[in-house]
Engineer: 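Structure in structure tokens, see below.
In what follows, every heavy atom counts, from backbone to side chain, and hydrogens, waters and symmetry copies are set aside. Here the structure is a predicted model, which is why all the values come from computation and not from measurement.
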Amino acid sequence: LLHKTAIFYYSRDRKGERPQTHLANYFGILQADAYDGYNKLYAAERKPGPILEAACWAHARRPFFVMADIDANVRRKAAGKKEIPLSPIAMEIVRRIDALFEIERSINSKSAQERLAVRRASSRPLVDALESYMREQLAKLSRGHDLAKAMQYMLKRWPAFTLFLDDGRVCVSNNAAERGLRGIALGRKSWLFCGSDRGGERAAAMYGLIVTAKMNGVDPQAWLADVLARIAAHPAHRLDELLPWNWSQKDKAAPALAA
């Protein structure tokens, strides 16, 4: 049985060696943006095995949406600001990507096999048509055009963007990870410093516990308060009982049984 788990790592900078160290023993799927620091993880000769890159459609959509956001232009005009030139091509690409996300919403809670079947039947024709449309439009644009750059970002990584069509485990975006990081991104503006590298590592461990609790539908504050109060007397060989997916608030009043 697989459980939803979040793991956070602390590093003092964004060098590529950091994710390479964090994921040194991992092979499987990595859903992420196109950060260059991940590139060595995707090498075919990597040990213990290559990591399959799954690109994020939400990241890909953003630059097109900027050039297609009618509502934003209405707000800018009302505020007396200069309007952003809108692109019919960008609008069409956003419309097509949104159709993929609509399919994903309909299969959100399905098994990997069920998701894959729907994607092959419904999503693949849309993706193939989108690729053809972008290549057709790209041939008409100058290389330095913002729209061309946004299309090249996707087309250069097309196998990573289409991996979800061949593997039902893959999501179309890494929005779940970004939502998990949102509180940290907002909070660090107030917290500013962890104080030391050790403090950063401890903070990362706490973030992992808190987000894991949330992912399993458990109130992090109630869970942490209860576990911290009980853990000293809890049998070491039964610590798994206190994991978020095994814990429930009704256990709070039950004393730990003797080993």
Side-chain angles (χ1 to χ4, degrees), residues 1-61 100-101 103-104 107-120 123-124 127 131 152-182 184-185 197 200-216 239-240 243-246:
L1 180 63
L2 298 176
H3 300 289
K4 297 176 181 178
T5 308
I7 299 175
F8 288 76
Y9 289 102
Y10 163 83
S11 59
R12 60 167 56 198
D13 53 46
R14 296 187 70 250
K15 293 179 180 177
E17 63 194 65
R18 308 306 182 193
Q20 291 159 28
T21 299
H22 299 329
L23 300 172
N25 297 315
Y26 173 76
F27 63 95
I29 298 166
L30 177 63
Q31 184 115 37
D33 58 16
Y35 168 49
D36 287 342
Y38 296 137
N39 289 347
K40 289 187 178 180
L41 296 173
Y42 306 135
E45 68 277 7
R46 178 183 176 271
K47 304 297 183 183
I51 289 178
L52 295 176
E53 179 186 8
C56 174
W57 283 81
H59 274 86
R61 179 182 180 276
L100 292 176
F101 277 101
I103 293 171
E104 289 300 308
I107 58 175
N108 242 343
S109 59
K110 305 294 185 181
S111 68
Q113 292 78 10
E114 290 173 306
R115 282 152 51 115
L116 184 58
V118 172
R119 288 169 176 175
R120 285 176 170 169
S123 301
R124 185 176 290 278
V127 171
E131 181 187 13
Q152 287 284 19
Y153 172 87
M154 295 185 69
L155 293 172
K156 286 180 180 178
R157 301 169 179 83
W158 201 243
F161 276 104
T162 56
L163 183 63
F164 82 104
L165 296 174
D166 297 309
D167 193 327
R169 298 171 298 169
V170 177
C171 294
V172 293
S173 77
N174 63 344
N175 283 345
E178 294 210 353
R179 284 193 295 271
L181 286 168
R182 184 175 297 160
I184 298 165
D197 288 340
E201 290 164 2
R202 289 168 180 167
M206 290 304 300
Y207 295 149
L209 293 173
I210 291 167
V211 175
T212 296
K214 288 182 177 179
M215 290 171 67
N216 287 275
L239 285 178
D240 61 301
L243 292 171
W245 46 81
N246 291 332

Engineer: Locate the shortest heavy-atom distance separating A43 from P50; write the atom from each residue and the value.
Structural biologist: O-CB, 3.5 Å
Engineer: Heavy-atom distance under 4.5 Å between the side chains of I7 and H22, does that happen here?
Structural biologist: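 Counting from C-beta outward, I7 and H22 never come under 4.5 Å.
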Engineer: Taking atom CG of L239 and atom CG of N246, what is their separation to the nearest 0.5 Å?
Structural biologist: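 The distance works out to 11.5 Å.
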Engineer: Looking only at heavy atoms, what is the nearest atom pair of Q20 and L41, with distance?
Structural biologist: CA-CD2, 3.9 Å
Engineer: Can you name the nearest heavy-atom pair linking L155 to E131, along with the distance?
Structural biologist: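 Heavy atoms only, the tightest pair is CD2-CG, 4.1 Å.
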Engineer: Between E178 and H59, is any pair of side-chain heavy atoms under 4.5 Å apart?
Structural biologist: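 A side-chain contact exists here, since the closest heavy-atom pair is under 4.5 Å.
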Engineer: Could you check R202 against Y10 for side chain to side chain contact (heavy atoms under 4.5 Å, CB included), going step by step and ending with a plain yes or no?
Structural biologist: CA-CA 9 Å; R202 289 168 180 167; Y10 163 83; over 6 Å; no
Engineer: Can you check whether A55's main-chain N or O pairs, donor with acceptor, with Q31's side chain at less than 3.5 Å?
Structural biologist: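 Confirmed, Q31 side chain pairs with A55 backbone.
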Engineer: Closest approach of A58 and N175, non-hydrogen atoms and distance?
Structural biologist: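 Closest pair (atom of A58, atom of N175, distance): CB-OD1, 3.5 Å.
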Engineer: Please find the pair of heavy atoms, one from P48 and one from A24, that lie closest to each other, and give the distance.
Structural biologist: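 For P48 and A24, the tightest heavy-atom pair comes out as CD-O, 3.3 Å.
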Engineer: Once you round to the nearest 0.5 Å, how far does OG1 of T162 lie from CG of D167?
Structural biologist: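 So the gap between those two atoms works out to 11.5 Å.
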Engineer: Indicate yes or no: at least one non-hydrogen side-chain atom of R157 is less than 4.5 angstrom from one of C56.
Structural biologist: no
Engineer: Set out, in order, the CA-CA distance, both residues' side-chain angles and the distance that settles side chain to side chain contact (heavy atoms under 4.5 Å, CB included) for K40 and E17, then state yes or no.
Structural biologist: CA-CA 9 Å; K40 289 187 178 180; E17 63 194 65; over 6 Å; no
Engineer: Side-chain contact, heavy-atom cut-off 4.5 Å: T5 with M215?
Structural biologist: no
Engineer: Is there side-chain contact between R119 and F164, with at least one heavy-atom pair below 4.5 Å?
Structural biologist: yes
Engineer: Report yes if the side chains of R169 and I29 come closer than 4.5 Å at any heavy-atom pair, otherwise no.
Structural biologist: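 A side-chain contact under 4.5 Å exists here.
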Engineer: Are any side-chain N or O atoms of W245 and backbone N or O atoms of K4, one a donor and one an acceptor, separated by less than 3.5 Å?
Structural biologist: no
Engineer: Testing D166, L163, V170 for side chain to side chain contact (heavy atoms under 4.5 Å, CB included) with L52, which one passes?
Structural biologist: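 Among D166, L163, V170, the one that satisfies the side chain to side chain contact (heavy atoms under 4.5 Å, CB included) with L52 is L163.
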Engineer: Atom CG of D197 and atom CZ of R12: how far apart are they, to the nearest 0.5 Å?
Structural biologist: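 The CG atom of D197 sits 4.0 Å away from the CZ atom of R12.
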Engineer: Evaluate E53 against Y38 for side chain to side chain contact (heavy atoms under 4.5 Å, CB included), listing each step before the verdict.
Structural biologist: CA-CA 9 Å; E53 179 186 8; Y38 296 137; over 6 Å; no
Engineer: Just wondering, more than 12 heavy atoms not from Y42 lying within 6.0 Å of its OH?
Structural biologist: yes
Engineer: Do F8 and T212 come within less than 4.5 Å of each other through their side chains, counting heavy atoms only?
Structural biologist: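 No. Closest side-chain heavy atoms not under 4.5 Å.
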Engineer: As an exercise, state the distance from CZ of R120 to CG of L116, rounded to the nearest 0.5 Å.
Structural biologist: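 Here the interatomic distance stands at 4.0 Å.
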Engineer: What do you reckon, is CG of N25 surrounded by more than 12 foreign heavy atoms closer than 6.0 Å?
Structural biologist: no
Engineer: Looking at P19 and G37, what are the two nearest heavy atoms and their distance?
Structural biologist: CG-O, 3.8 Å
Engineer: Do I107 and E114 have side chains that get closer than 4.5 Å, going by heavy atoms?
Structural biologist: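 No, too far: nothing below the 4.5 Å cut-off.
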